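Notes follow once the structure below has been shown.
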Amino acid sequence: MAQEPVTDERATLIEYPCDFPIKIMGVNADGFAQGVFEAVLHHAPDFDPATAQMRASGKGNYLSLTCTFHAHSQEQVDALYRELAANPMVKVVL
């Protein structure tokens with residue numbers, strides 16, 4: 001059985017440009033939402049923080065933010081994921 005050649009390019013089902021939702025979960029503390037919005041705006045300057053969806057956990061210790069931005073490339077999305085993951089208040093990025 002022949003194997004497919006290994007390449008550096010990742011297969012993707014996403015066609016760019018597109019509206020891309022990203023969900024960020026972290027500590028419900030002062031500065032969390034602002035830090036997330038700053039990171040998203042750094043990579044997607046046309047993002048409007050007023051469109052973000054926020055939801056607190058049952059006990060209120062955590063906050064999830066869903067930010068939908070206009071993505072132009074996989075590189076843009078990857079860079080945003082890396083910046084968000086580097087924030088110590090961020091626990092999960094989906």
Side-chain angles (χ1 to χ4, degrees):
M1 184 175 257
Q3 289 185 330
E4 300 258 340
V6 177
T7 65
D8 287 338
E9 290 185 37
R10 288 181 285 173
T12 182
L13 299 176
I14 301 171
E15 290 188 28
Y16 295 96
C18 65
D19 287 338
F20 191 93
I22 188 167
K23 188 170 196 167
I24 306 98
M25 292 172 269
V27 178
N28 189 0
D30 289 341
F32 171 68
Q34 184 63 33
V36 167
F37 295 153
E38 288 173 3
V40 176
L41 285 165
H42 178 239
H43 298 277
D46 57 346
F47 168 69
D48 180 3
T51 64
Q53 298 173 349
M54 291 187 193
R55 183 173 179 184
S57 65
K59 293 184 181 179
N61 296 328
Y62 297 94
L63 184 67
S64 74
L65 299 170
T66 301
C67 301
T68 301
F69 65 98
H70 195 69
H72 297 280
S73 68
Q74 186 64 49
E75 293 78 15
Q76 176 192 24
V77 173
D78 290 345
L80 176 54
Y81 270 95
R82 283 191 297 275
E83 184 170 340
L84 289 167
N87 182 328
M89 288 194 288
V90 172
K91 301 301 179 194
V92 178
V93 182
L94 303 171

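Being a predicted model, the structure only gives us computed values, none of them experimental.
- Distance SG/C18 to NE2/H72: 9.5 Å, rounded to 0.5 Å.
- From L63, atom CG reaches atom CZ of R55 across 11.0 Å, with rounding to the nearest 0.5 Å.
- Put simply, M54 and V40 are part of the same group of oily side chains (I, L, V, M, F, W, Y) that touch within less than 4.5 Å, one to the next.
- M89 and A29 get closest at one heavy-atom pair: SD-CB, 4.3 Å.
- With rounding to the nearest 0.5 Å, the separation of CD in E75 from NE2 in H43 is 13.0 Å.
- There is no path of hydrophobic side-chain contacts, each under 4.5 Å, that joins V27 to I24.
- Shown here for N28 and G60, the closest heavy-atom pair between the two residues is ND2-O, 3.1 Å.
- Minimum interatomic distance between H70 and P17 (heavy atoms only, all atoms of both residues): NE2-CB, 3.4 Å.
- Not a single ring-ring contact (aromatic ring centres under 6.0 Å, His included) links F47 to another residue, sequence neighbours left out.
- Atom CG of D46 has more than 12 neighbouring heavy atoms from other residues, nucleotides or ligands inside a 6.0 Å radius.
- At a threshold of 4.5 Å between side-chain heavy atoms, the hydrophobic network of Ile, Leu, Val, Met, Phe, Trp and Tyr places V36 and Y62 in two separate groups.
- Note on ring orientation: taking the six-membered ring where Trp is involved, the planes of F20 and Y81 are perpendicular (angle over 60°, cut-offs 30° and 60°).
- A pairwise comparison of heavy atoms in L80 and A39 identifies CD1-O, 3.5 Å as the closest pair.
- V77 has its side chain within reach of Q74: a pair of non-hydrogen atoms, C-beta onward, lies under 4.5 Å apart.
- Hydrophobic clustering, with ILVMFWY side chains joined whenever heavy atoms are under 4.5 angstrom apart, keeps V90 apart from V92.
- Under a hydrophobic-cluster definition in which Ile, Leu, Val, Met, Phe, Trp and Tyr are linked whenever side-chain heavy atoms come within less than 4.5 Å, directly or via other members, M25 and F32 are assigned to different clusters.
- With rounding to the nearest 0.5 angstrom, the CG atom of L84 is 14.5 Å from the NZ atom of K23.
- Nearest heavy atom pair, residue S73 against residue Y16, reads N-CD2, 3.6 Å.
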